[in-house]
Amino acid sequence: MTAIDPDGPRPDGQRKTARNRRRGVLRLRTLLIWLAVVPTVAMGAQVSLTADRLLEQSANLREDVADGERIGAPLYGLMSALQAERSTTAARWAGAPVSHADLSARRAATDQAVAAFRRAADSADPEEGDRIDRHVRDAQKQLEQLGAYRERTDVRSGGADRTTAYYSGVIERLISIFGQFSDLDDAALSQQSRPVLALIEAKDLLAREDAVLASAGPSGKLSGAKFGELTNAVGAHRYLYDASIVPNLPENGQRSLARIESSDVWKTKVRIEDAALSDHQIVSGGVVLPQVVHGWPAMYEQLVPQLTAVSADQLRAVLASAEATADDLEMDLWWMVGGSAAALLLVVAVAVFTTRTVLRRLALLHERTVTVAEETLPEIVDRLQRGQGIDPDALPTESNEQDEVGRISDAFARSVAVSVDGHRQLADERRGFGMFAAGIASRTGNLVSRQLGLTEELQDTFGHDEALLAELMKSDQLTVGMRRQIENLLILADGEIPDPHVEPMRVADLLREAAAEVEEFRRIERIALDEVSVEPRVISAISHLLAELLDNATRFSPPASKVAIRAELVTDGLSVEIEDRGPRVAAERYEEMNGRLHAAPPYSVLAENAHRLGLFVVGHLADQLQARVTLRRSTFGGTSAIVIIPAEHLVRSEPASTPGAAAPRTPAPERRDARKPELTLHPRPSAPALAATVAGLPRRQPSQAPSAVRTPPADGAAPPPLPERRPQTHIAQQLRERRTSEPVSQDTATPEEVADAWADYEQGTETVEIELRRDKS
C-alpha cells in the first residue's frame with residue numbers, strides 16, 4: 001500500500017469547512033447587497049410615487065384649465081341668459097307689460113347660449129370620465145325640459161313659482177359646475193378660486209332679487225313667500241360680499257369691487273334693497289313694495305355687466321394661476337427626478353464602494369487567515385518542534401484600526417501570537433524532555449556497553465565450553481537488542497548516533513549487519529548486490545532502519561516462516577524490500593502505519609504506542625536519510641516493506657580483477673577497537689540549550705569469531721569427548737550437504753561470515769547434544 005500523499009484530496013472535514021466558509025462569505029455578500037438594494041429600492045419607490053402624484057396633480061390642473069377655457073365662458077353666458085329669461089318670464093307671469101318680441105329675444109339669446117354650451121360640452125373626450133363633464137351632462141338633461149316650461153309660460157299652465165323654480169334649478173346646476181372648477185388639486189388655487197365662485201353665487205342672488213321684484217308686477221305686491229325670498233336673497237348677497245368675496249379677493253379684484261361699490265349704481269341698489277325691506281307695506285294677501293323698486297331694472301341693467309367683468313377677470317386669473325402652477329409642478333417634478341436620480345446614483349455608488357471595500361477587506365482578512373492557518377502557523381509549529389528560530393515578521397501584527405474589520409484582524413493577530421507562544425512553550429518542554437530522556441538513555445547505554453564488554457570477555461575466556469559459549473551468544477544477542485531499543489529512545493529524542501565506519505560497506509554486508517541486530521536472525525534470507533556499497537556516514541542509520549523493519553517482520557510472522565530481504569538498484573537509488581509471511585492486514589491498517597512513517601508524533605502518541613515504536617523510529621531515520629518507506633500487502637499475503645535509499649548515499653564498488661577473486665571486504669576491526677564511540681545528542685542549530693554533549697551508547701560491532709579449530713585453554717583442559725555415533729545419522733543438517741571447497745583465508749573472511757559459520761556450528765552442536773541426551777535416556 002502506498003504512503004499518504006500530502007498533495008492528495010482534502011479530508012471531508014476540511015472540505016466541509018471550506019464550503020461553510022464560502023457559504024458564510026456568500027451570505028455576508030448577500031446581506032451587504034441587500035443593505036444597499038433595500039434603501040435604494042425604497043428611495044426609488046418613494047420618488048416614483050411622488051413623481052406620479054406630481055404628474056397626476058399637474059395633469060388634473062391642466063385638465064381643469066382646459067375645461068375652464070373650453071366650457072367656462074359658454075357656461076357663464078348660459079347662466080346669464082337663463083337669469084335674464086327667468087326675470088322676464090316672472091314679469092310675464094305677473095302681468096307686466098312684456099311684449100312677445102322681448103320674450104322671444106330673451107329666449108333666442110338663451111338658445112344661442114345653450115347651443116354654445118352644447119358645442120363646448122361635446123368637444124370633451126368621453127373616455128376621460130371627468131367630474132366636470134358629468135355635471136355638464138346632468139345640466140344638459142335639465143336643459144332638455146326648457147321648451148316644455150316655455151310652452152307652459154305661454155299658455156299660463158303650471159304656475160309661475162314652478163316655472164321660476166325650474167330656471168333656478170338649472171342655474172344652480174350650472175353654478176355647481178363652477179364649484180367643480182374651484183375644487184382644484186392644489187390648496188392655493190382652491191383658495192384663490194373660492195371668491196370667484198362667491199362672485200358667481202352673489203350675481204345669481206342679485207338675479208334672484210331681480211326675478212322676485214319682477215314677479216311683483218305693476219302692482220308691486222309680493223306674496224309672503226316671495227317677500228321671504230327677497231329678504232333671504234338680499235341678506236345672502238350682502239353676507240357673501242362681506243364674508244367671502246371682499247376679504248378673499250386679490251388686490252386687483254378688491255380694487256375693482258371697491259370701484260363698483262363706490263359707484264352710483266351700487267348705491268342705488270343698496271337704497272332700493274333697503275327701501276324694499278324697510279318701507280314695504282303688509283296688506284291682506286301679501287306685501288306692497290315702495291315705489292322706489294321701479295328703478296331696479298335700470299340699475300340692474302347697469303350693474304350686472306360690471307359684476308360680470310370682475311367675475312370673468314378673476315376666473316381668468318385663476319385659470320392662469322392653475323396653468324402656471326402646472327408648469328411649476330412639472331418643473332419641480334423634473335428637478336425632483338434629476339435630484340433623486342443623482343441621489344440614487346450617489347447612494348448606489350456609496351453602497352457599491354462600501355460593499356466592495358468591506359468585501360475586499362474581508363477577503364484580505366480571509367486570505368490572510370487562511371495563509372496563516374494553513375501555511376504560516378504549521379510552518380512555525382514545525383520549526384519550533386525542530387528547535388529552529390522563527391521570523392517575527394512572519395506573524396500577523398495588529399493594525400490598531402478602530403473599525404470592526406480592524407478589530408477582528410487585531411483579535412486574530414493576538415490569537416495567533418498566543419497560539420505561537422503556546423507552541424513555543426510546548427516545543428521547549430519537548431526539547432527539555434528529549435534531553436532528559438537522552439540523558440537517561442545515555443546512562444543506561446553505558447551500562448549496556450559494559451554488559452557487552454563483559455560478554456565479550458566471557459566469550460574469550462570460556463570459548464572452549466561450547467554450551468556456555470552458546471548461552472553467551474544468546475545473552476550477547478539480547479544485549480544487542482537492548483542497545484537498539486536505547487538507540488531508538490535517542491533517535492526519538494532527536495539525538496544522533498555517530499557512525500564509526502570510515503569506509504563504504506557492501507550492501508550484502510549491510511544487510512548481514514542489520515540482520516545480526518535481530519533476535520531471530522536465523523529466519524532471515526538475504527539477497528543483495530555485491531557491486532554496490534553504502535557511504536560510511538549513513539551505514540549505521542540504514543542498518544538501524546532495516547533492523548527495525550526486520551525485527552517487526554520476524555515478530556509479526558509465524559515462527560517457522562522465513563523473512564526475505566532483497567536489495568537491488570532502481571532509478572531513484574537502492575530498493576530494499578523486506579517481505580514476511582505474516583497475517584493479512586486490512587487496507588486502512590496499512591494507511592495508518594504509513595502515516596506513522598511520514599509524521600513526527602508527539603509524546604502523547606508515543607506513549608499510547610510504546611509497544612510499537614519501531615515504525616516511528618523508521619520514519620525518523622527515513623526523514624534524516626531522505627529515504628522513502630512504504631508498507632503494503634505482499635503477493636504472499638503478508639506485508640512487504642519497501643525502502644528507497646537515495647542514490648546520493650551509494651558508492652559503486654570496483655569489480656573483481658578475476659572471476660574467482662573475492663570482492664574486497666570491509667576489514668574487521670580488532671576486538672578491543674571495535675566499539676562504537678560514545679553517542680551524543682546533537683543539538684539543533686537554534687537550540688543552544690541542547691549544545692551540551694550527552695554521553696551516548698557505544699555500539700558493538702561483531703567481533704572476529706574464533707576459527708573452526710579452537711586453541712585449547714591454558715589450563716590444559718580439553719573439551720569433553722563426543723560419544724561415538726553412526727556415520728551420517730547424528731550429523732547436523734547443514735553438515736550433511738556437500739559444500740564446495742572455498743579458500744579459507746583469515747585476511748579475507750569478514751566478521752559477519754565468521755559469525756554465520758559460528759551460528760551453523762552452534763546449531764549443529766545443539767543438535768548433537770540433544771541426540772546424546774536422548775541416547776543416554
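Numbering starts at 1 and runs along the sequence shown. Computed from a predicted structure; not experimentally measured.
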Would the distance check show the side chain of [X] and the main-chain N or O of [Y] forming a donor-acceptor pair, the cut-off being under 3.5 Å?
X: Tyr167; Y: Leu82; result: no
X: Ser176; Y: Arg173; result: yes
X: Gln83; Y: Arg208; result: no
X: Asn248; Y: Ser244; result: yes
X: Thr88; Y: Glu85; result: no
X: Ser415; Y: Ala411; result: yes
X: Ser215; Y: Val212; result: yes

Distance-only donor-acceptor pairs under 3.5 Å for side chains of residues 224-236, two or more places apart:
residue	atom	partner	partner atom	Å
Lys226	NZ	Asp161	OD1	3.1
Thr231	OG1	Phe227	O	3.0
Asn232	ND2	Gly228	O	3.2

Can you tell me how far the [atom1] atom of [X] sits from the [atom2] atom of [Y], to the nearest 0.5 Å?
X: Ile245; Y: Gln314; atom1: CD1; atom2: CD; result: 10.5 Å
X: Ser311; Y: Arg316; atom1: OG; atom2: CZ; result: 10.5 Å
X: Ile171; Y: Gln142; atom1: CD1; atom2: CD; result: 11.0 Å
X: Arg92; Y: His100; atom1: CZ; atom2: NE2; result: 7.5 Å
X: Leu303; Y: Trp296; atom1: CG; atom2: CH2; result: 7.5 Å
X: Leu205; Y: Ile175; atom1: CG; atom2: CD1; result: 7.5 Å

Check your understanding: Does a side chain donor of either Thr163 or Arg152 reach within less than 3.5 Å of an acceptor in the other side chain?
Key -> no
Review point. Going through the checks in order, is the side chain to side chain contact (heavy atoms under 4.5 Å, CB included) test met by Asp313 and Asn252?
Key: CA-CA 9 Å; Asp313 291 341; Asn252 59 346; over 6 Å; no
With the side chain counted from C-beta on, respond yes when [X] and [Y] share a heavy-atom pair under 4.5 Å apart, and no when they do not.
X: Ser263; Y: Gln306; value: yes
X: Thr376; Y: Val416; value: no
X: Phe117; Y: Leu143; value: yes
X: Leu222; Y: His280; value: no
X: Leu346; Y: Val350; value: yes
X: Arg361; Y: Leu365; value: no

Check [X] against [Y] and note the closest heavy-atom contact, atom names and distance.
X: Tyr241; Y: Pro247; value: O-CD, 4.0 Å
X: Pro218; Y: Gly95; value: CG-O, 3.8 Å
X: Ala120; Y: Pro74; value: CB-CG, 4.0 Å
X: Ile272; Y: Val293; value: CG2-CA, 3.9 Å
X: Ala94; Y: Ala214; value: CB-O, 3.7 Å
X: Ser168; Y: Arg86; value: OG-NH1, 2.9 Å

Exercise for review: Check the pair Lys269 / His237 against side chain to side chain contact (heavy atoms under 4.5 Å, CB included), numbers first and verdict last.
Suggested key: CA-CA 12 Å; Lys269 165 192 168 294; His237 185 269; 3.4 Å; yes
**Study point:** Sidechain N-carboxylate O distance under 4.0 Å for Glu273, Arg238
**Key:** yes
Check your understanding: What pairs with Glu301 under salt bridge (charged side-chain N to carboxylate O under 4.0 Å, His left out), at least two apart in sequence or on another chain?
Key -> Arg106
Check your understanding: Which is it for Leu249 and Leu199 under the side chain to side chain contact (heavy atoms under 4.5 Å, CB included) test, yes or no, and what are the steps along the way?
Key -> CA-CA 10 Å; Leu249 278 177; Leu199 282 173; 4.1 Å; yes
Practice item. Let me see the working for Gln140 and Asp122 under side chain to side chain contact (heavy atoms under 4.5 Å, CB included), right down to the final yes or no. Key: CA-CA 11 Å; Gln140 287 178 332; Asp122 293 339; 4.2 Å; yes
**Study point:** CZ (Arg356) with more than 12 external heavy atoms under 6.0 Å
**Key:** no
